[in-house]
Amino acid sequence: MRNKRKEKNYAFIDGANLHLGVKAQGWRMDYKKFRLYLKNKYRVSKAFIFIGWVEDNQQLYEYLKQDGFELVFKPTIPYMEKGSVTYKGNVDAELVLHAAAVEYDNYDQAVVVTSDGDFACLIEFLIERKKLKKIITPTGKYSSLMGKYRDHIVLVKNIKSKIADRSPVKNKK
């Protein structure tokens, strides 16, 4: 049995999935509070956010770094949607690679933040090796492929009171 005081856990966060999932529920997350929640609740010493690189988002990236996150970038592809430019930067491969190979020997257990069923294979891999701590899903509408892991799932809405941004609406993050 692991000594909890020496436990070293990492978080692997699907940045767009988290942001869009919270936004769809009509509230904003305070990333600093979220980082502290991960540290205090799950003993997360490193929290990686996997995010698409967009040149105009430098301020966001700086905020996230200041809040204690390590950023892993994926090049994005711009495209038009509803008359404006939007970006696609699918981070799935990078997140899986970091959790299952690059960082694998450096942590005891992983907290995976996503609702995307593309990560079901990673979840299975971590469970088989007793390296999954929790799955935090941005919405209750997580992929049906994640359904069999529901005992490991924490819904973001259930921790909203601990991580919500209570400041007046600004263009902060």
Side-chain angles (χ1 to χ4, degrees), residues 1-22 25 27-51 60-74 91-140 142-143 145-167 172-173:
M1 187 137 166
R2 289 188 179 104
N3 181 342
K4 291 220 180 250
R5 278 180 247 174
K6 294 188 180 195
E7 192 174 57
K8 187 171 159 185
N9 300 326
Y10 286 5
F12 300 93
I13 303 163
D14 180 345
N17 190 266
L18 176 59
H19 172 73
L20 295 173
V22 168
Q25 296 174 63
W27 58 281
R28 289 179 305 138
M29 188 171 69
D30 182 320
Y31 282 84
K32 187 172 192 169
K33 288 180 183 177
F34 183 56
R35 179 65 186 96
L36 288 171
Y37 173 82
L38 292 170
K39 178 182 176 186
N40 295 332
K41 179 73 176 178
Y42 300 114
R43 300 182 189 275
V44 169
S45 58
K46 281 191 179 182
F48 297 91
I49 291 186
F50 296 82
I51 189 168
L60 167 65
Y61 304 146
E62 287 305 313
Y63 279 129
L64 292 171
K65 287 179 194 175
Q66 288 171 13
D67 291 345
F69 294 95
E70 297 194 26
L71 280 60
V72 179
F73 294 106
K74 170 82 178 222
V91 299
D92 296 7
E94 286 76 7
L95 193 153
V96 170
L97 182 65
H98 274 72
V102 175
E103 296 293 339
Y104 185 81
D105 292 331
N106 299 327
Y107 66 90
D108 296 316
Q109 291 194 303
V111 175
V112 180
V113 182
T114 191
S115 57
D116 188 336
D118 289 344
F119 295 108
C121 62
L122 173 63
I123 301 303
E124 188 68 30
F125 174 84
L126 294 171
I127 288 172
E128 287 172 359
R129 287 154 183 83
K130 298 183 179 10
K131 287 194 72 138
L132 180 70
K133 185 82 170 174
K134 280 292 174 193
I135 304 164
I136 299 177
T137 62
T139 71
Y142 51 84
S143 168
L145 295 173
M146 301 290 254
K148 68 181 182 176
Y149 311 116
R150 82 178 35 86
D151 291 345
H152 298 279
I153 291 176
V154 172
L155 302 176
V156 167
K157 71 178 184 177
N158 293 343
I159 58 172
K160 179 181 176 183
S161 65
K162 296 175 177 129
I163 64 171
D165 184 347
R166 305 273 185 226
S167 65
K172 182 179 165 189
K173 293 182 197 172

Cationic N near anionic O, under 4.0 Å, Arg28 to Asp165: yes

Asp67 versus Arg35, closest heavy-atom pair with distance: O-CG, 3.2 Å

Flag side-chain contact, heavy atom, 4.5 Å: Lys33 against Arg166: yes

Interatomic distance, Leu38 atom CG to Lys46 atom NZ [nearest 0.5 angstrom]: 15.0 Å

Main-chain N/O of Glu94 paired with His98 side-chain donor or acceptor, under 3.5 Å: yes

Approximate separation, where rounding is to 0.5 Å, of Lys41 NZ and Asn9 CG: 13.0 Å

Phe73 and Tyr61: CA distance, side-chain angles, deciding distance, ring-ring contact (aromatic ring centres under 6.0 Å, His included) verdict: CA-CA 10 Å; Phe73 294 106; Tyr61 304 146; 4.8 Å; yes

Lys/Arg N to Asp/Glu carboxylate O, Lys65 vs Glu70, below 4.0 Å: no

Criterion side-chain contact (heavy atoms from CB on, under 4.5 Å) on Val154 and Tyr42, from CA distance to verdict: CA-CA 12 Å; Val154 172; Tyr42 300 114; 3.5 Å; yes

side-chain contact (heavy atoms from CB on, under 4.5 Å) between Val72 and Ile51, worked out: CA-CA 6 Å; Val72 179; Ile51 189 168; over 6 Å; no

Reported OG1-to-CG distance for the pair Thr137 and Asn158, which is rounded to 0.5 angstrom: 8.5 Å

Within-4.5 Å side-chain heavy-atom neighbours: Leu155 and Thr139: no

Test log, rule side-chain contact (heavy atoms from CB on, under 4.5 Å), inputs Gln25 and Lys160: CA-CA 11 Å; Gln25 296 174 63; Lys160 179 181 176 183; over 6 Å; no

Non-hydrogen side-chain atoms of Leu71 and Leu64 separated by less than 4.5 Å: yes

Min side-chain heavy-atom separation Asp30-Ile163 under 4.5 Å: no

Test item: Phe69 and Phe34 side chains (from C-beta on) under 4.5 Å apart, heavy atoms: yes

Ile135 vs Ile123 side-chain heavy atoms within contact, under 4.5 Å: yes

Main-chain N/O of Phe119 paired with Asp116 side-chain donor or acceptor, under 3.5 Å: no

Contact summary for Arg43 and Glu7, nearest pair of heavy atoms: CD-OE1, 3.7 Å

Other residues, nucleotides, ligands: >12 heavy atoms within 6.0 Å of Lys157 NZ: no

Distance flag, aromatic centroids of Phe48 and Tyr10, threshold under 6.0 Å: yes

Pair Ser115, Asn17: side-chain N/O donor-acceptor within cut-off below 3.5 Å: yes

Rounded distance [0.5 Å steps], CG in Leu122 versus CG in Leu132: 8.0 Å

Point-to-point distance, once rounded to the nearest 0.5 Å, from CG of Leu36 to NZ of Lys162: 13.0 Å

Shortest non-hydrogen contact from Lys131 toward Tyr104: NZ-O, 2.7 Å

Close side-chain approach of Val156 to Leu18, heavy-atom, < 4.5 Å: yes

Within-4.5 Å side-chain heavy-atom neighbours: Val44 and Phe12: no

side-chain contact (heavy atoms from CB on, under 4.5 Å) between Thr114 and Ile13, intermediate numbers included: CA-CA 7 Å; Thr114 191; Ile13 303 163; over 6 Å; no

Any donor-acceptor pair under 3.5 Å from Gln109 side chain to Leu126 backbone: no

For Pro138 against Gly21, the heavy-atom pair lying closest together: CB-CA, 3.8 Å

Non-hydrogen atoms of Ala100 and Phe125 that approach each other most closely: CB-CE2, 3.7 Å

